[in-house]
Amino acid sequence: MTLSFVREKISSKFFLFLILAFLLIHVPIIGNYIRVIDTLIHESGHAFMALLGGNVQTISLFSNSEGATLSNQTTWIGSFFTSLAGYTFASFMAFLAFLLIGRRKQILLIDILLGFIFCNLIFWVRNPYGIFWLCSFAAGFLFLLIKGTPAFRDHLLLLIACILLVDSLQSAYEVMYLSIFYPQAAGDAANLANLTKIVPTLAWGVLFFLQAVCFCYYGLKRGYYKLS
């Protein structure tokens, strides 16, 4: 990939918002609060896949930006795809957010984000912090969208899309790191290793990171970061 190719595919506006998103998610307390938007999508990915072959009992969202989905699966294949879905779904949603922004479908993106929030609030999330986060984020999000101008709305959605992109990459990198040095603590990668037996945790950690990079690269190749 040449530097000229990157310059052709990335606008200065995208770059500035990407830097802002990176800085925001690393601010103490506030950063963890903001990162939960990616956690919500990650855990929802597990839940939606679990519904195809079982049921979802609860989803928990925590103040350290981590999450957990408790589901019952009746088959091995159901457990496999449920464990696989979280990081993949988060990466896909970051890609989809930029696709919709590029096609001027901001209202649809708003509907999707609110759909995630209210679906989790109604059906799955029951822990106190999770309920607080869903209610506070939904209320603040709706207030800013209603009171803000269309330009403000578009910039807010762009920031959220950048947060999803940065955090999906960072989270995938973190699970790959854990799969190398602390394989038993590597979450979904460790679960998949236990399910498959012959495929090690490291392989799943690397796969999660590579798929995140591939989604990011495909968005770049398609010109979704140009923001023309």
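If you're wondering where the values come from, they're calculated on a predicted model, not measured in any experiment.
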#### Entry: Any C214 side-chain heavy atom under 4.5 Å of F95 side chain
no
#### Entry: Side-chain heavy atoms of Q106 within contact of L100, under 4.5 Å
no
#### Entry: Partners meeting ring pair (Phe, Tyr, Trp, His ring centres under 6.0 Å) with F62 (sequence neighbours left out)
none
### Message
Once side-chain hydrogen bond (donor to acceptor under 3.5 Å, both in side chains) is applied, do any residues pair with T69, and if so which ones, sequence neighbours excluded?
### Response
E43
Throw together a table of side-chain donor-acceptor distances under 3.5 angstrom for residues 111-124, partners on residues two or more places apart or in other chains.
{"residue": "N120", "atom": "ND2", "partner": "S44", "partner atom": "OG", "Å": "3.0"}
{"residue": "N120", "atom": "ND2", "partner": "F116", "partner atom": "O", "Å": "2.8"}

### Message
Using the side chain to side chain contact (heavy atoms under 4.5 Å, CB included) criterion, which residues pair with L145? Sequence neighbours excluded.
### Response
I110, F141, R153, L156
### Other ILVMFWY residues reachable from F81 by side-chain steps of under 4.5 Å
M49, L52, W76, I77, F80, L84, Y87, V175, L192, L195, I198, V199, W204, L207, F208
### Message
Restricting to side chain to side chain contact (heavy atoms under 4.5 Å, CB included), what partner residues turn up for F17, sequence neighbours left out?
### Response
K13, H155, L158, L159, C162
### Task
Please name all residues satisfying ring pair (Phe, Tyr, Trp, His ring centres under 6.0 Å) with H46, sequence neighbours left out, ordered by chain then number.
H42
### Output field: ring centroids Y218/F215 closer than 6.0 Å
no
## Note on the structure
side chain to side chain contact (heavy atoms under 4.5 Å, CB included) filter on T149, not counting sequence neighbours, yields A151, F152
### Message
Tell me whether the count of non-hydrogen atoms from other residues, nucleotides or ligands lying under 6.0 Å of CZ in F48 goes above 12.
### Response
yes
### Query
Hey, does F98 have a side-chain heavy atom less than 4.5 Å from the side chain of L220?
no
### Query
Looking at residues at least two apart in the chain, or sitting in another chain, which of them share a side chain to side chain contact (heavy atoms under 4.5 Å, CB included) with Q184?
none
### Message
Could you work out, with ring pair (Phe, Tyr, Trp, His ring centres under 6.0 Å) as the rule, every residue matching F181, not counting sequence neighbours?
### Response
Y177
Under 3.5 Å, sequence neighbours excluded: what are the donor-acceptor pairs made by side chains of residues 19-38?
{"residue": "H26", "atom": "ND1", "partner": "F22", "partner atom": "O", "Å": "2.7"}
{"residue": "H26", "atom": "NE2", "partner": "Q170", "partner atom": "OE1", "Å": "3.1"}
{"residue": "Y33", "atom": "OH", "partner": "S136", "partner atom": "OG", "Å": "2.8"}
{"residue": "Y33", "atom": "OH", "partner": "F137", "partner atom": "N", "Å": "3.4"}
{"residue": "R35", "atom": "NE", "partner": "D167", "partner atom": "OD1", "Å": "2.5"}
{"residue": "R35", "atom": "NH2", "partner": "D167", "partner atom": "OD1", "Å": "2.9"}

## Note on the structure
Those residues at least two apart in sequence (or on a different chain) that pass side-chain hydrogen bond (donor to acceptor under 3.5 Å, both in side chains) with Q73 are T82
